Amino acid sequence: MTRTTRTTRTTPSTPPAPERFTPPTRFAVPGRVGVSEQAASVWRTATLTGIRRETPRAATFRFAVPGWPGHVPGQHLMLRLTAEDGYTAQRHYSIASAPDDSGHVELTLDHVEGGEVSGWFHTVARPGDRVEVRGPLSGFFAWPGDRPALLVGAGSGVVPLMSMVRHHRARGLALPLRLLVSARSPEELIYARELGAETTTVFTRSAPEGVAVGRMAAAHVAPLMAEPPPGGWEAYVCGSNSFAEHASRLLVAAGQPVDRIRIERFG
Amino acid sequence: MNITRGFTGRPRVDHPGLPPGQYDAGDEWPVLSAEVTPDLAPADWTFRIDGMVAEPRTWDWEQAHALPASAYEGAIHCVTSWSKFGVRFGGVSLDAFLDVVRPHGSATHVVAYAHTGYTTSLPLADVTGGRAWIAWEYDGRPLPAEHGGPARLLVPHLYFWKSAKWIAGLRLLDHDEPGFWEGNGYHARGNPWEEQRYSGD
Ligand SMILES: Cc1cc2nc3c(=O)[nH]c(=O)nc-3n(C[C@H](O)[C@H](O)[C@H](O)COP(=O)(O)OP(=O)(O)OC[C@H]3O[C@@H](n4cnc5c(N)ncnc54)[C@H](O)[C@@H]3O)c2cc1C
């Protein structure tokens, strides 16, 4: 094992510059919250108790999960469907609901064209159906509600961010929290009825009269970065890979430190 | 078995190369990093091996390219359950780098770390014997930044979170020291054929 020797001010001569070692961490490590290894390794049966339409393409599925250990906003789970011949399909889904102790979790799924799992949910699933879940997983993209949060999402990327917004409301937290969300049109904006004063919306294809149409841009980020809370923002970016690339670059360009940006890419 | 009512799944292709719980992503190559993609030019890239070795060493881009070229062609598997077949990577076998630094006999594990600070831990035996590469080409072209370019670690027989993007170095240890995802509940080894996804699997 290596031992570090401390150089004091009285050292007569400067030691030779060490060769470049581990680069400085420019990345938010480690995870925000610990993950229970045991919880993450157990498959539990989840029973669908309700389906709520959000947009023409997205719906929220509510499950009762006996033994669910609870989650922190931003975490996701692994969901598994099994066919009669034993074939399984498993996918990750962010948890949409705020943590509560009702033993329920909610997921919001986009209907992906030709999608195996989302297709089953949107065309076959009905209350009473059972699937399997394990988790919650990854404490990295988690927000326990302890720091000012700047949430940036697009499409179904708003799902884990909504868990944070709901948590903020349910707990009556006074910490600053802002949500910047992009959708194709007002009709496709998931959770539209629930979004409030904390939210700025960006529409990329069509917008209400008088509202600009276009991609998320520096001008959307600037006002949020111009008045950061004391200690700055903890930024959470979620969506497709191309959105995550674009939005995280906007944040960096606007001065958000790289090591305070957490990204969840849906693939 | 817990059968899901009305779920048939896609028509099964009997693909001998598909580990359990995985699906063929076809032409897709999803990007799954939790960090901001760094702007890292080849001229600024370095790769170091140290820890339990006889001669720690740092290579720059040109020095690393002077080592014998080695390619990988085959499949890769991501823990999020996609697999990708027939991928072609070009680079240098990790053995060529290790031959230079000469690992101590007592070294058992490595921590791979990225220029971003991302880390992942692996048994030494999983990155020796022609099973791991430093890769800078994909399909005959420079590896794109979002996939870890200019250079990434490539350990195709394990889940892909082990193949650290923007690789900066390896530290050899005589014990296992969990990396980023390993500390976040993922499995220490990550063998797709045994579905070692989360710790406890
Ligand atoms: C951490 C994380 C969290 C996520 N959270 C959410 C969330 O909250 N909400 C959400 O909606 N999504 C979320 N996702 C995405 C989700 O995991 C799935 O990728 C998504 O639901 C699509 O799965 P699917 O089975 O419906 O589609 P898939 O079957 O995986 O298909 C995806 C696409 O590939 C094509 N395709 C793939 N294989 C074939 C094939 N063999 N034949 C024909 N076509 C094929 C399909 O046509 C489709 O266009 C998340 C992903 C991650 C990694």
Side-chain angles (χ1 to χ4, degrees), chain A residues 1-2 19-31 34-38 40-43 45 78 80-92 116 120 124-126 129-132 134 137-141 241 244-245 248-249 251-252 258-259 261-267, chain B residues 1-10 12 20-23 25 28 30-39 46 48 50-52 56-58 78-82 113-119 145-146 166 168-169 171 173-175 178-181 183-187 197-201:
Chain A
M1 291 285 2
T2 34
E19 259 194 277
R20 228 190 299 186
F21 199 49
T22 315
T25 296
R26 306 186 333 129
F27 164 47
V29 274
V35 174
S36 157
E37 297 184 355
Q38 210 212 328
S41 65
V42 179
W43 285 104
T45 301
M78 179 77 113
R80 177 165 80 181
L81 305 183
T82 306
E84 274 187 30
D85 63 357
Y87 170 83
T88 60
Q90 36 191 343
R91 302 286 185 271
H92 283 122
E116 192 171 44
W120 179 84
V124 179
R126 61 174 190 229
D129 280 340
R130 288 186 306 254
V131 301
E132 289 173 291
R134 68 191 292 190
L137 305 172
S138 177
F140 178 67
F141 196 77
N241 176 54
E245 283 291 305
S248 60
R249 279 168 200 270
L251 287 174
V252 173
V258 204
D259 60 2
I261 301 177
R262 287 157 200 278
I263 306 180
E264 187 98 284
R265 303 170 200 248
F266 282 1
Chain B
M1 207 164 31
N2 221 321
I3 292 157
T4 315
R5 182 191 63 84
F7 176 70
T8 49
R10 285 213 174 84
R12 255 60 101 211
Q22 297 291 110
Y23 72 95
E28 302 275 314
V31 175
L32 289 149
S33 40
E35 41 203 326
V36 177
T37 300
D39 284 317
T46 53
R48 180 176 169 85
D50 58 24
M52 307 201 68
R57 158 97 205 244
T58 303
C78 177
V79 70
T80 62
S81 70
W82 55 265
Y113 52 92
H115 281 272
T116 55
Y118 174 85
T119 56
E146 60 177 13
W166 314 296
R171 187 162 309 126
L173 305 168
D174 60 4
H175 59 278
F180 175 70
W181 288 119
N184 266 296
Y186 283 67
H187 197 275
R197 298 174 192 274
Y198 306 103
S199 57
D201 278 348

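A quick note: this is a predicted structure, and the numbers were derived from the prediction, not measured. Residue numbering restarts at 1 for every chain, and letters A, B, ... go by the order of the sequence lines. These values consider heavy atoms only, across backbone and side chains, with no hydrogens, waters or symmetry-generated copies.
- Heavy atoms closer than 4.5 Å to chain B are found nowhere in Ala244(A), neither backbone nor side chain.
- Remark: Glu245(A) pairs with Arg249(A), Arg265(A) by the salt bridge (charged side-chain N to carboxylate O under 4.0 Å, His left out) rule, at least two apart or across chains.
- Taking Glu132(A), Gln90(A), Arg80(A) one by one and counting their heavy-atom pairs under 4.5 Å with chain B, the maximum is reached by Gln90(A).
- Rounding to the nearest 0.5 Å places CZ of Arg134(A) at 4.5 Å from CG of Asp201(B).
- Only the backbone of Thr8(B) comes within less than 4.5 Å of a heavy atom in chain A; its side chain stays farther off.
- Heavy atoms closer than 4.5 Å to chain B are found in both the backbone and the side chain of Leu81(A).
- A pairwise comparison of heavy atoms in Ser199(B) and Ser41(A) identifies O-CB, 3.5 Å as the closest pair.
- Contact between Ser138(A) and Trp181(B) at its shortest, heavy atoms only, is OG-CZ3, 3.4 Å.
- Ser81(B) and Arg91(A) get closest at one heavy-atom pair: OG-NH1, 4.0 Å.
- Put simply, OG1 on Thr80(B) and CG on Leu137(A) are 12.0 Å apart, with the number rounded to the nearest 0.5 Å.
- Options Gly21(B), Gly169(B), Pro20(B) differ in how many heavy-atom pairs under 4.5 Å they form with chain A, and the most are formed by Gly21(B).
- For the set Asp129(A), Val131(A), Val252(A), the count of heavy-atom pairs under 4.5 angstrom toward chain B peaks at Asp129(A).
- For Ser248(A) (side chain) and Val36(B) (main-chain N/O), no donor-acceptor pair under 3.5 Å exists by modelled atom type.
- The nearest pair of heavy atoms linking Asp85(A) to Arg12(B) is OD2-NH2, 2.7 Å.
- In this structure, Thr82(A) contributes its side chain and Thr4(B) its backbone to no donor-acceptor pair below 3.5 Å.
- Residue contact with chain B, scored on non-hydrogen atoms closer than 4.5 Å, is absent for Glu264(A).
- Note that CZ of Phe7(B) and OG1 of Thr88(A) are 8.0 Å apart. Values are rounded to the nearest 0.5 Å.
- Neither the backbone nor the side chain of Val42(A) has a heavy atom closer than 4.5 Å to any heavy atom of chain B.
- Side chain of Arg5(B) to main chain of Val124(A): a donor-acceptor pair is present (N/O by atom type, distance under 3.5 Å, no hydrogens or angles).
- Contact annotation for Arg10(B): both backbone and side-chain heavy atoms come within less than 4.5 Å of a heavy atom of chain A.
- When each of Gly200(B), Gly9(B), Cys78(B), Ala25(B) is checked for heavy-atom pairs under 4.5 Å with chain A, Gly9(B) comes out on top.
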